[in-house]
There are 2 protein chains.
Amino acid sequence: MPKESSTQERRHDILDSVQRSGRVFVADLSQSFGVSEVTIRSDLQMLADQGLVVRTHGGAIPAGRLSPELSLALRRQQQPLAKDHIGAAGAELIEDGDAVYLDTSSTALAIARHLTHHRYVTVVTNSIAIVNELTDCPNVHVVVPGGRLRRETASLIGADGLDYIRQLNIQKGFFGAHGVTPAEGLTDVSVEEAEVKRVLVGLCRQVVAVLDATKWGRVGVASFATLEQIDVIITDQDAPAELVAQAQAAGVAVHLV
Amino acid sequence: MPKESSTQERRHDILDSVQRSGRVFVADLSQSFGVSEVTIRSDLQMLADQGLVVRTHGGAIPAGRLSPELSLALRRQQQPLAKDHIGAAGAELIEDGDAVYLDTSSTALAIARHLTHHRYVTVVTNSIAIVNELTDCPNVHVVVPGGRLRRETASLIGADGLDYIRQLNIQKGFFGAHGVTPAEGLTDVSVEEAEVKRVLVGLCRQVVAVLDATKWGRVGVASFATLEQIDVIITDQDAPAELVAQAQAAGVAVHLV
DNA sequence: GAAAGAAAACGAAAGTAATCGAAAGCAGCA
DNA sequence: TGCTGCTTTCGATTACTTTCGTTTTCTTTC
């Protein structure tokens with residue numbers, strides 16, 4: 001393993017190593033590349049933000065190593081209280097008679113769980129997890145635009161359903177994201193899904209981002225909404241005050257829950 | 001089982017083991033993974049919290065799945081044997097590489113359950129039950145054309161996804177029906193769904209009807225395929241011989257299973 | 001079948017070691 | 001001069017252990 005390579009080369013080599021060996025350790029990579037463990041952790045964080053690896057304690061594994069059910073379960077398990085609070089607050093923004101779009105994030109699923117007392121609401125979603133959740137809610141009308149099954153997120157992906165959605169009048173769209181920063185706005189780890197979300201943001205009358213504190217300051221590989229395009233951000237109390245202030249300065253109504 | 005795996009990998013492997021063997025024991029897992037029983041119990045607790053396993057005394061069993069030890073009678077309640085046989089026969093008509101349409105009938109679901117050993121198969125379906133079933137089959141590519149949720153059948157209805165389907169080359173379409181007679185052909189109880197099925201029959205290169213004996217001679221309100229449009233009927237041994245003969249006279253290959 | 005005792009399993013708590021990530025500072029380069 | 005990439009430092013977090021009181025299950029006896 002060569003030393004004195006560029007940052008980009010090192011990250012490429014690290015990714016290659018993760019994929020070849022199936023598991024890497026921070027300590028080993030630090031020794032191999034002749035850089036500090038903090039630098040390796042920074043590299044792995046970048047690769048994780050692009051959805052290429054999954055960070056583990058002491059190292060990383062290839063994205064896709066874990067089964068779809070477990071990947072989904074791990075995502076749902078993160079910040080459960082924050083997501084529930086954000087979900088409840090998101091549901092409170094939904095009025096009887098509304099047509100809303102819920103994306104495939106686990107925070108949008110938390111919103112769906114709080115719709116049991118709403119009436120005449122239409123939910124448009126490509127999340128199979130949300131469809132399953134709303135099967136027991138006869139008061140909610142569910143529309144699924146369609147696409148190809150992506151097991152890791154129990155959702156349907158692709159742009160084919162956009163024509164369907166364009167025919168609908170969607171009052172509010174609720175979007176999770178991999179990260180949010182003032183410069184990059186809302187970002188995702190999948191370029192393809194970011195492209196679809198970008199169109200959806202344009203189709204919704206009101207855009208609501210639902211993010212827990214861990215998402216602030218983090219950047220995924222593709223942006224899908226600038227701060228100016230966001231009407232509301234619902235987040236929890238741990239959200240960093242400085243970034244919240246910058247979002248508010250850009251005109252976003254930030255709800256801390 | 002290698003040591004030095006991460007927590008996520010261990011839990012993935014534990015979940016896999018639960019699903020493969022149908023039952024696991026804390027003591028065995030502790031020995032296999034080289035960690036304490038408390039750690040294994042913590043792992044199982046997390047998997048149980050997420051609804052992936054059910055904790056038992058001393059171990060765990062799969063969640064939402066029949067354990068191999070459960071009685072055959074309970075399996076029968078789960079799905080009648082005739083449908084399972086028809087489903088198995090339907091799956092045998094599906095070749096690796098095929099793109100097939102499965103409708104939202106419970107017999108089509110039986111087909112989906114027999115696809116675990118197929119490769120490179122694309123399933124096009126609006127049945128949420130089938131999507132859920134195929135979540136565990138990474139070898140099967142799933143496409144969902146989309147529509148409005150119909151809770152009674154865990155499926156999506158409506159003609160909106162037809163444009164999507166028209167772009168696809170579907171070798172075989174598998175259709176359940178409310179009834180089949182020589183005069184009316186295949187019939188359904190929903191005029192709306194019959195209209196969609198009629199279009200779908202026209203889009204599939206080969207049309208396969210999957211019907212148990214109770215469907216012969218029965219008539220729903222709307223027809224969606226004449227006998228001449230049907231290539232194969234898969235049915236069980238109790239199908240009435242005279243109606244079977246008439247179908248055969250009309251050029252249908254009837255498979256009795 | 002009920003009761004009693006023993007064994008197995010559980011989960012909470014506390015402790016330890018490893019790992020993490022934020023922050024600050026420095027060097028090199030355009 | 002400002003930016004990038006790297007370092008060190010250090011408080012926080014994670015993952016695992018052992019211990020021990022509690023609970024559940026099994027076995028034996030009546």
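Proteins get letters first, then strands, A, B, ... in listed order; numbering begins at 1 in each.
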*Using a strict cut-off of less than 4.0 Å between a Lys/Arg side-chain nitrogen and an Asp/Glu carboxylate oxygen, indicate whether A/E192 and A/R148 qualify as a salt bridge.*
yes
*Tell me: CG of A/L44 to C1' of C/dG21, nearest whole Å?*
13 Å
*Nearest-Å distance for atom pair CE/P, residues B/M46 and D/dT14*: 14 Å
*Ring centroid separation A/F175 to A/Y101 under 6.0 Å*: yes
*Check A/L15, A/D43, A/I14, A/I61 against A/V53 for a side chain to side chain contact (heavy atoms under 4.5 Å, CB included) and give me the one that passes.*
A/L15
*asked:* If you only use heavy atoms from C-beta on, which nucleotide in D/dT17, D/dG5, D/dT7 is closest to the side chain of A/T7?
replied: D/dG5
_Check this one for me: any side-chain N or O of A/T39 less than 4.0 Å away from OP1 or OP2 of D/dT7?_
yes
_Between C/dT19 (C1') and A/I40 (CD1): distance, integer Å_ = 15 Å
*Specify the separation, in whole Å, of atom CD of A/E9 and atom P of D/dG5.*
13 Å
*asked:* Between A/R151 and A/E69, does any side-chain N to carboxylate O distance fall below 4.0 Å?
replied: no
_Measure CD/B/Q8 against C1'/D/dA15 and give the value in whole Å, please._
11 Å
*Could I get the full list of side-chain contact (heavy atoms from CB on, under 4.5 Å) partners for A/S21, not counting sequence neighbours?*
A/S17, A/V24
*What string of B, S and - do you get for nucleotides 9-17 of chain C, 5' to 3', if B is base contact, S is sugar-phosphate-only contact and - is no contact with any protein heavy atom under 4.0 Å?*
SBB------
*asked:* Salt bridge check, B/E37 against B/R41: does any charged N sit closer than 4.0 Å to a carboxylate O?
replied: yes
*Rounded off to whole Å, could you give me the CG-to-C1' distance for the A/L74 and D/dT14 pair?*
14 Å
_Nucleotide C/dA22, atom C1' - distance to CZ of A/R218 in whole Å_ = 16 Å
*asked:* Under 4.0 Å from OP1 or OP2 of D/dT17: is there any side-chain N or O of B/S36 that close?
replied: yes
*Distance-only, no hydrogens or angles: does the A/D28 side chain make a donor-acceptor pair with backbone N or O of A/F25 under 3.5 Å?*
no
*Write down the distance between CZ (B/F25) and C1' (D/dT25), rounded to a whole number of angstrom.*
14 Å
